[in-house]
Structure formats: structure tokens, C-alpha cells
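Below is one structure; the comments refer to it alone.
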Amino acid sequence: MYIAVYARQSIDKVNSVSIETQVEYCKATLPPDERRMTIRCFADKGYSGKDTNRPAFQKLMQDVRRGSVSKIVVYKFDRVSRSIIDFSDMLQVFKSCGVTFVSAQESFDTGSPYGEMICKILMIFAEFERASIIGRIQDAYEKRSDLGLYPGGRKIYGYDLEDAVIGGIRTRRFVENPAEAAQVRFLYDTYALPGVTLRQLQDELLARGMRPLCGKDWTTGKLSSLLRNPVYVCADEQVYHFFAARNARIIGDLRDFDGTRSLRLFGRTKHDRNLEDWSDLKVVLLESYGIVGADCWLRCQQKLLQNRQIGNATANHTSWLGGKLVCAKCGHTMTTVKGASRRYFLCAGKSHKKTCTGVKATLYVEDLETLLDACICRKLQIQTESSASRSRENAAQLHALRQQAAEIDAQLAGLGDAVIASGVSPELLAVLNARARSLTAERQQILERMDALSAAPEIADTDLVRQWRRASFSKKRAVCDLLIKAVVIAENGDPEIIWTV
């Protein structure tokens with residue numbers, strides 16, 4: 001380990017302290033014994049202290065995190081940072097890595113009680129500054145969103161971004177990307193047709209060879225997210241009433257919903273979890289034009305909401321193995337599908353993403369549960385036998401320790417008799433006292449071991465296998481989550497259980 005001296009100089013001017021002067025001053029303040037240690041100097045010339053993006057300082061921090069630095073000495077606080085938040089974060093890193101920080105000019109040393117007190121005060125101010133910054137950002141974001149200005153974030157499929165001035169404020173707004181917008185209209189028009197599901201829409205896109213113009217292939221999840229997005233709708237009175245009926249907070253008057261401008265949602269993104277109450281959502285009209293008619297968009301929303309209702313009613317209650325099966329070929333989880341006679345597991349990479357050929361064998365839910373049931377029973381039987389063995393071992397150890405304690409008590413009693421019989425001879429009395437102290441210490445150790453064994457949780461004589469076979473669906477799922485990390489299904493259908501214990 002070494003002592004680091006750090007120096008920084010933003011610009012050369014008459015009244016500024018040079019790098020060389022800072023380094024020599026810091027070395028001079030070191031105690032004599034530390035001057036014999038390895039000292040390394042780090043210097044950043046021409047860099048401001050407004051942030052920590054400085055090459056020498058970053059190299060120093062890398063050595064700090066590697067545990068190579070025992071102490072850092074600087075000329076003044078502001079040589080490392082002019083930001084109280086950055087400085088507070090640095091002190092926390094130094095403390096966690098066991099590094100002492102010293103400011104030579106201010107006589108500040110984190111290894112002293114005074115330095116520790118200053119550190120805590122600085123951290124309080126840093127936390128206050130962080131909270132203030134977050135509050136200002138949230139207020140600014142809220143204000144911009146109420147005005148319908150671009151809030152930031154990634155580009156939305158179907159639109160490009162262009163610079164604009166809205167209400168005297170420089171911002172950006174969405175403008176239609178003709179090629180992507182044509183695909184978006186096709187998605188809405190096709191899904192709005194009666195009887196068309198997300199899976200069928202995905203199949204139609206694959207059959208036509210219509211892939212996204214950016215990104216990966218269409219999945220049902222991507223399609224669902226795109227079809228829910230109100231940024232595409234030409235918002236009119238019908239759309240206004242759609243959100244008003246669900247208690248969403250609408251920014252703007254009904255007269256502003258003229259069937260041309262698009263919408264943006266702020267707040268909870270997965271608003272469809274609660275089908276009735278969207279009161280934590282804010283709906284804002286944008287200064288951008290929609291690309292999908294209101295009638296078409298609303299038909300799609302009704303179908304998607306109906307899907308959510310059906311999904312909530314039958315949410316994965318078909319197998320206690322749900323979410324545990326993984327396709328070895330593509331890495332996706334396997335879901336249950338209703339077949340002609342029985343339910344079976346199917347790779348989501350094949351059924352949803354269309355990127356995997358799936359498992360060649362048919363994995364019926366009932367058959368796989370029977371197989372895994374036997375494996376879990378064997379695991380629980382081993383746990384039961386191990387627990388019983390530990391209980392018997394603890395009992396045997398306690399019995400042996402009690403016998404040892406009784407033997408020591410007998411020896412101590414014998415020593416007392418010997419003291420009485422010796423006529424309190426000084427030489428023999430010293431020997432007997434030493435032996436008594438040794439036996440007493442040994443007895444104390446035995447008693448402590450007995451207390452530890454007695455305090456160990458008592459292991460109930462329980463048949464875990466019998467409890468498992470009598471368990472409800474929810475309890476079996478909980479036990480499965482506890483014991484099994486994953487069940488990897490090979491292409492030929494063979495399962496490999498990855499246990500957590």
C-alpha cells in the first residue's frame with residue numbers, strides 16, 4: 001500500500017498554486033514515519049473541479065477501490081472537488097476502503113474525531129442538496145409535461161424528433177416517420193378486426209415478412225405495448241371520455257380534443273393492472289399529430305382490456321411448476337398450453353417470439369409434475385433424515401459434555417479436600433490453586449458449549465414428504481420456489497433440475 005498525494009490546477013495564473021508547490025507542501029505535512037513509506041503523486045493540470053472526470057483522479061480512485069491506498073493528502077478540499085455531493089460520495093468510498101483523507105491547508109484529517117464530525121455534517125448537506133435537485137427536476141418535469149412539451153426519453157416507433165419552439169420554450173416534438181407510421185397503421189387496422197389476437201397478428205407479420213425497421217422481431221409483448229400507446233391516436237371527444245371514465249387526470253379542455261393531436265401518459269406505466277381506476281395517470285395533449293384514427297385506437301383498447309380481464313381471471317394456476325421450466329435451446333421459460341386432451345408445456349421462444357423450434361418431445365403437465373414430485377420427495381426425505389441425524393448428534397454431544405462437567409466438579413471437590421488435608425502449606429496451596437483455576441476455566445468452556453447446543457433450534461420430528469403430498473397448490477408452488485432454481489429441458493425433452501439447496 002502507498003500514500004497518495006493528489007494535486008490539481010485548472011489554469012496557470014499569477015495567484016494560482018502550481019502543481020509542484022501543492023505536492024511539496026503535502027509531502028512536508030506528512031509525519032516523519034510516513035515520509036519513509038511509498039508515496040505516489042497524481043496530478044491533473046488543466047482540469048476544473050466541477051466534476052470528477054479527470055484522468056489522474058480516476059486512476060487514483062481505481063487504486064483506492066483495489067485497496068492499494070492507505071492515505072490521500074491534498075493541498076485543499078477544492079483540489080478534489082467543488083461539489084459537496086461528489087465530495088461526500090468520495091468520503092464514503094474512502095471510508096469503506098479504509099483510506100484516510102487529509103487536507104493539508106485546512107488541517108482536516110478523517111482519521112480524527114473532528115474530521116469524522118465534519119464528514120457527517122458534509123453528508124447531511126449533500127443529502128439535502130440531492131433532495132433539492134430531485135425536487136427541482138421533478139417540478140420541471142411536471143411543468144413541461146403539463147405544457148405538452150417533449151419530456152425526454154428514447155425515440156418512439158413511428159415518429160422522428162425535430163427541434164421546435166413551443167410557447168417560447170425550446171424543445172423537441174414528434175413528427176411522423178412515413179415508413180414506420182405505415183407499419184403502425186397496419187398493426188392497428190389488423191388488430192382492430194374482429195377475432196384477431198396478438199398471436200395471430202404476429203403470425204400475419206411473419207407471413208408478410210414485415211419486420212420492425214429498427215430493433216428485433218415483433219413479439220406479442222412489443223405488439224401489446226405499441227397498441228396501448230396513446231401517442232399514436234388522433235385524440236377526439238371519444239378518447240377524452242375513455243380516459244375520463246377511468247378517473248385519469250386530463251390536462252386540457254374537452255374542446256382541445258379536436259381529433260388531430262396525439263396524447264402522452266405520465267405516471268404509472270402499467271395502468272392496465274387496475275381496469276377501473278387510473279387516477280394516478282396524467283393524460284396530456286401533445287403538440288404533435290396522431291397517426292391512428294380514434295375509432296380504430298379505441299377498438300384496440302377494448303380488446304386489450306378484455307385480454308387483461310381474462311388473463312387476471314386465469315393467471316397461471318395450471319401448474320405449480322409455472323415459471324421454473326427453461327428451454328435449453330433458447331433460454332426462454334416454458335408456458336402451459338391447452339391441448340386437445342391434456343395441457344402441455346411449450347417454449348415461449350417458439351409460441352410467442354417465433355425464434356425457437358422448441359422441444360421435440362411433448363411435455364404433458366401431469367407427467368412432468370409426477371416426475372418432479374418424486375424428485376422433490378427424495379430431496380425432502382434427505383432433509384428429514386439429515387435433520388434427525390443432527391438432532392441425535394446434538395443430544396449425544398450434550399450427554400458427553402454433562403459427563404465431562406461432572407468429572408471436573410468431582411476433581412474440584414477433591415482439590416478442596418486436598419487443601420484441607422495439606423494443612424495450608426504455601427507451596428502445595430499455590431499448586432492446588434493453579435489446578436483449580438485451570439479446571440474452573442475448562443468447566444466454563446464446557447458450560448458455554450452446552451448452552452450453545454441447548455440454544456440451537458429444536459428440530460421437530462416431522463415427515464416432510466407427507467406434508468408435501470398433502471400440501472395445497474399454493475404451498476407446493478412456494479416449496480418449489482424454495483427448492484428449485486430452474487428445470488432445464490433439453491431438446492429431446494429430458495429435464496435437468498437445478499436445486500437451490
Side-chain angles (χ1 to χ4, degrees), residues 1-13 15-141:
M1 296 181 72
Y2 65 86
I3 294 175
V5 173
Y6 178 78
R8 179 186 64 81
Q9 184 183 21
S10 54
I11 55 174
D12 277 321
K13 42 183 196 178
N15 61 346
S16 67
V17 183
S18 67
I19 294 286
E20 294 75 15
T21 302
Q22 293 178 46
V23 170
E24 291 305 317
Y25 188 91
C26 291
K27 287 182 178 179
T29 60
L30 291 173
D33 58 326
E34 291 185 352
R35 294 178 192 176
R36 293 191 293 270
M37 296 176 63
T38 302
I39 300 173
R40 292 185 59 186
C41 299
F42 296 81
D44 284 310
K45 192 164 187 176
Y47 287 89
S48 169
K50 65 180 181 180
D51 56 43
T52 59
N53 294 325
R54 290 166 257 140
F57 183 76
Q58 289 300 323
K59 188 174 186 305
L60 171 59
M61 292 303 292
Q62 289 176 4
D63 284 358
V64 167
R65 293 185 175 93
R66 280 196 289 262
S68 305
V69 183
S70 61
K71 188 175 187 177
I72 296 175
V73 186
V74 298
Y75 181 70
K76 275 185 159 185
F77 282 132
D78 60 5
R79 297 303 88 195
V80 289
S81 178
R82 294 185 183 277
S83 165
I84 192 170
I85 291 181
D86 288 343
F87 185 65
S88 172
D89 291 341
M90 282 178 226
L91 289 178
Q92 288 181 317
V93 174
F94 295 159
K95 186 174 182 179
S96 65
C97 297
V99 176
T100 302
F101 177 81
V102 175
S103 173
Q105 273 280 302
E106 287 99 353
S107 301
F108 174 83
D109 184 347
T110 58
S112 67
Y114 172 76
E116 182 71 17
M117 179 192 72
I118 296 297
C119 284
K120 291 178 180 177
I121 293 173
L122 288 173
M123 288 174 188
I124 291 171
F125 277 103
E127 186 62 32
F128 173 75
E129 188 173 345
R130 285 191 186 96
S132 300
I133 291 171
I134 291 170
R136 290 195 297 270
I137 291 173
Q138 288 176 339
D139 291 343
Y141 184 84

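Just the heavy atoms: all of them, side chains too, but no hydrogens, waters or symmetry mates, feed the values below.
At distances below 3.5 Å, at least one donor-acceptor pair connects side-chain atoms of Arg35 with backbone N or O atoms of Ala28. The backbone N or O of Ala56 sits less than 3.5 Å from a side-chain atom of Asp44, completing a donor-acceptor pair.
Taking the side chain to side chain contact (heavy atoms under 4.5 Å, CB included) definition, one finds that Met37 meets it with Ile3, Glu34, Ser70, sequence neighbours left out. Scanning for side chain to side chain contact (heavy atoms under 4.5 Å, CB included) contacts around Arg66 gives Gln62, Asp63, Ser68, with sequence neighbours left out. Here Ala4 pairs with Tyr2, Phe42, Leu60, Val69, Ile72 under the side chain to side chain contact (heavy atoms under 4.5 Å, CB included) rule; sequence neighbours left out. Residues passing the salt bridge (Lys or Arg N to Asp or Glu O under 4.0 Å) test with Lys45, sequence neighbours excluded: Asp12. Taking Glu20 as the reference, nothing meets the side chain to side chain donor-acceptor pair (under 3.5 Å) condition, with sequence neighbours excluded. In this structure Tyr6 satisfies the ring pair (Phe, Tyr, Trp, His ring centres under 6.0 Å) test together with Phe57, sequence neighbours excluded. Listed by chain and residue number, nothing satisfies the side chain to side chain donor-acceptor pair (under 3.5 Å) test with Ser10 (two or more places apart in sequence, or in another chain). In this structure, the side chain to side chain contact (heavy atoms under 4.5 Å, CB included) partners of Arg65, at least two apart in sequence or on a different chain, are Met61, Val93. In this structure, Tyr47 has no side chain to side chain donor-acceptor pair (under 3.5 Å) partners at least two apart in sequence or on a different chain.
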Q: Please report the C-alpha distance between Ile39 and Val73 in whole Å, then the side-chain angles of each, then the deciding distance to 0.1 Å, and finally whether the side chain to side chain contact (heavy atoms under 4.5 Å, CB included) criterion is met.
A: CA-CA 10 Å; Ile39 300 173; Val73 186; over 6 Å; no
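The nearest pair of heavy atoms linking Arg54 to Ser48 is NE-O, 3.5 Å. The minimum heavy-atom distance linking Val80 with Val74 is given by the pair CG1-CG1, 3.6 Å.
Of the inter-residue distances, the one linking Thr52 atom OG1 with Asp89 atom CG reads 9.0 Å to the nearest 0.5 angstrom.
Taking 4.5 Å as the limit, some side-chain heavy atom of Lys71 sits within range of a side-chain heavy atom of Val102.
Listed by first then second residue, pairs satisfying side-chain hydrogen bond (donor to acceptor under 3.5 Å, both in side chains) with a partner in residues 72-81 number zero, not counting sequence neighbours.
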